[in-house]
Enquirer: 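To start, I am sharing the structure in question, which I have written as structure tokens.
Each ligand, and each atom within it, is numbered from 1 in the order the structure gives.
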Amino acid sequence: MVSGLFIALAASSYAAAQSFVSDPLIDKVVPYTAIPYQVDQHTADRGPQHGYNICNSTTEGQSSLCQTGFVNHLDDFCLFAPPELSTIGDTEGIEVAYCTKPGRGTRLIPEGTFKGVQLVKSPGYIQIVGFIDQTKLNIQQGDFGGELDSGGQDGRGNPIGGLVYSNNLPGSSGNDSFVQSRHWTFFIGGDQFCLKVCDSSNPNAGHLCEHIYDRIGCAYNAPNNAQQNVFESCEGEDMMPVGTYVSGGQTLTWTQPPEGVEPVPPYTPTPAASSNCVSFQSESLFAAIASVTASVSESASASTITSTNSNGQPTTITRSVSSSARGSGSGTASAAGAANTNDGVRAMGISIVAGVSGVLLSALVFA
Ligand SMILES: *[C@@H]1O[C@H](CO)[C@@H](O)[C@H](O)[C@H]1NC(C)=O
Ligand SMILES: *[C@@H]1O[C@H](CO)[C@@H](O)[C@H](O)[C@H]1NC(C)=O
């Protein structure tokens, strides 16, 4: 399960002194029929929005800078990833949409990117978790990535001005009817991703799509039963908001410590109960991108950080939950290849790198 692993960082909560805007992205109600060219009009601090939100046939293709994404169904969703080969940390503000379906003015996700994807639709959100070859999405090999979300260190979102819509959340009246999700989180890196788009009309949306736990990765932010080489769509219950857990009959809340202090959550995350999982062949799901090739494969192999590959990197991605636990909500979050530690998770390595703007980023590997 993607849980076991690592991650993350993301600069969201501790980037330097960028002032918080008075009109945060999370508050911008933008009907699908009234999307502006750029939803973010700020220019200070992190600069202007890198791409645009009006996306159409003239913007479609592998150089698109479309920053409007969709999360609809197992065969129909987008990820945010770098416009050019990079790390997520270095480009969190300028990521662009890569989608499984043409026709929306975005880049397309290249064939062979997905190695297993699980969608869970709950009352409050759609969650999609998967294994990927991230080099096909312009993410450097070995980058453990981080969190992109509709919050961000200054309220402008990561990417700045990123909008997300769905035709599969309450309020939609069919596949041609898109509702905005104003609360969403996307973790990507370490050859995995997990995303959650919450129903903004749900009073609990802010908690179900909490975005302040950026250093504890998919295991905690999107507890799941995703498996390598399995493509399935499930129904499920809402997760307990990240950071909350039950101990001794009481619901407690753990908060991620400040940068510099290793985040060690005092609980083991458990996927919410899921049911009615239906499996598919990836070829049938992603036929629309069968001929899309990664334009950056050559640069990916030229990366100077491939040495991280030789020991710790995604070789640790193995599923540790037995198949009988799938869908039962009984999965655990041990990391791959290692026995569960009694505290659920342990940070095995922390690397600190400097982002373009001097933002400190840390990547964690849990074992
Ligand atoms: C297509 O999208 C581009 C980029 O956002 C925009 O400049 C252009 O006006 C759009 N065209 C139409 C017909 O909407
Ligand atoms: C909506 O799209 C999904 C695939 O993305 C498809 O499975 C479903 O049948 C569509 N619904 C309708 C009513 O066409």
Side-chain angles (χ1 to χ4, degrees), residues 25 28 30-43 47-80 83 93-109 111 113-114 116-122 125-130 156-157 159-181 184 193 195-197 199 230-236 274-290 292:
L25 182 62
K28 290 185 177 170
V30 184
Y32 185 65
T33 51
I35 294 177
Y37 177 67
Q38 290 177 320
V39 74
D40 184 288
Q41 297 295 318
H42 297 281
T43 55
Q49 180 174 348
H50 184 69
Y52 38 77
N53 298 110
I54 294 180
C55 310
N56 53 41
S57 57
T58 69
T59 67
E60 183 146 337
Q62 298 311 78
S63 57
S64 177
L65 297 180
C66 178
Q67 294 177 310
T68 299
F70 299 84
V71 175
N72 299 323
H73 297 274
L74 183 62
D75 63 347
D76 185 5
F77 63 93
C78 307
L79 300 172
F80 286 117
I94 64 168
E95 312 296 18
V96 298
Y98 290 74
C99 303
T100 64
K101 296 267 194 201
R104 300 198 180 109
T106 68
R107 299 184 189 209
L108 292 173
I109 292 173
E111 186 278 330
T113 299
F114 295 118
V117 181
Q118 183 193 48
L119 178 148
V120 176
K121 186 179 179 187
S122 80
Y125 54 79
I126 299 167
Q127 171 178 294
I128 306 183
V129 177
R156 300 172 66 191
I160 292 170
L163 293 178
V164 175
Y165 292 85
S166 179
N167 64 18
N168 195 18
L169 284 174
S172 166
S173 55
N175 281 356
D176 294 327
S177 162
F178 295 97
V179 296
Q180 183 191 11
S181 170
W184 48 264
F193 73 91
L195 67 86
K196 205 154 21 137
V197 295
D199 167 17
V230 174
F231 295 82
E232 65 180 6
S233 187
C234 308
E235 293 166 17
S274 56
S275 59
N276 297 332
C277 294
V278 179
S279 295
F280 298 85
Q281 296 299 316
S282 65
E283 304 75 43
S284 66
L285 290 174
F286 304 119
I289 52 175
V292 179

Enquirer: Over 60° means perpendicular and under 30° means parallel, so tell me whether Phe286 and Phe77 are parallel, tilted or perpendicular.
Expert: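 Perpendicular, since the angle between the ring planes exceeds 60°.
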
Enquirer: At less than 4.0 angstrom from any atom of ligand 2, which residues have a non-hydrogen atom? List them by chain and residue number.
Expert: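 Contacting ligand 2 under 4.0 Å are His73, Asp75, Asp76, Asn175.
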
Enquirer: Once you measure the plane-to-plane angle for Phe70 and Tyr165, does it fall in the parallel (<30°), tilted (30-60°) or perpendicular (>60°) bin?
Expert: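 Answer is tilted, since the angle falls between 30° and 60°.
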
Enquirer: Side chain to side chain donor-acceptor pair (under 3.5 Å) with Lys121: which residues, sequence neighbours excluded?
Expert: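 Partners of Lys121 by the side chain to side chain donor-acceptor pair (under 3.5 Å) criterion, ordered by chain and then number, come out as Asn168.
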
Enquirer: Hey, which atoms in ligand 1 end up nearer than 4.0 Å to a heavy atom of Thr59?
Expert: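 Contacts of ligand 1 toward Thr59, numbered from 1: 2 (O), 3 (C), 4 (C).
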
Enquirer: Gly69 and Ala97: which non-hydrogen atoms are nearest, and at how many Å?
Expert: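 Looks like CA-CB, 4.3 Å.
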
Enquirer: Check step by step if salt bridge (charged side-chain N to carboxylate O under 4.0 Å, His left out) holds for Asp76 and Lys101.
Expert: CA-CA 6 Å; Asp76 185 5; Lys101 296 267 194 201; 5.7 Å; no

Enquirer: Show me which atoms of ligand 1 lie under 4.0 Å from any heavy atom of Asn56.
Expert: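 Those qualifying, in numeric order: 1 (C), 2 (O), 3 (C), 8 (C), 10 (C), 11 (N), 12 (C), 14 (O).
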
Enquirer: Can you tell which of Gln49, Gln38, His50 makes a side-chain hydrogen bond (donor to acceptor under 3.5 Å, both in side chains) with Gln67?
Expert: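 Of the listed options, the one satisfying the test is Gln49.
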
Enquirer: Of the backbone atoms (N, CA, C, O) and the side-chain heavy atoms from C-beta on, which set of Thr58 has a member under 4.0 Å from an atom of ligand 1: side chain, backbone, both, or neither?
Expert: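 Near ligand 1, Thr58 shows its side chain, while the N, CA, C and O stay back.
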
Enquirer: Report the residue from Leu195, Leu163, Val164 that forms a side-chain contact (heavy atoms from CB on, under 4.5 Å) with Trp184.
Expert: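 The option that passes is Val164.
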
Enquirer: Is there a polar contact between ligand 1 and Ile54, counting only N or O atoms under 3.5 Å apart?
Expert: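 The answer is yes, given that Ile54 and ligand 1 share an N or O pair closer than 3.5 Å.
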
Enquirer: Compare every heavy atom of Phe114 with every heavy atom of Leu79, then report the nearest pair and how far apart it is.
Expert: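 So the minimum-distance heavy-atom pair works out to CD1-CE2, 4.2 Å.
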
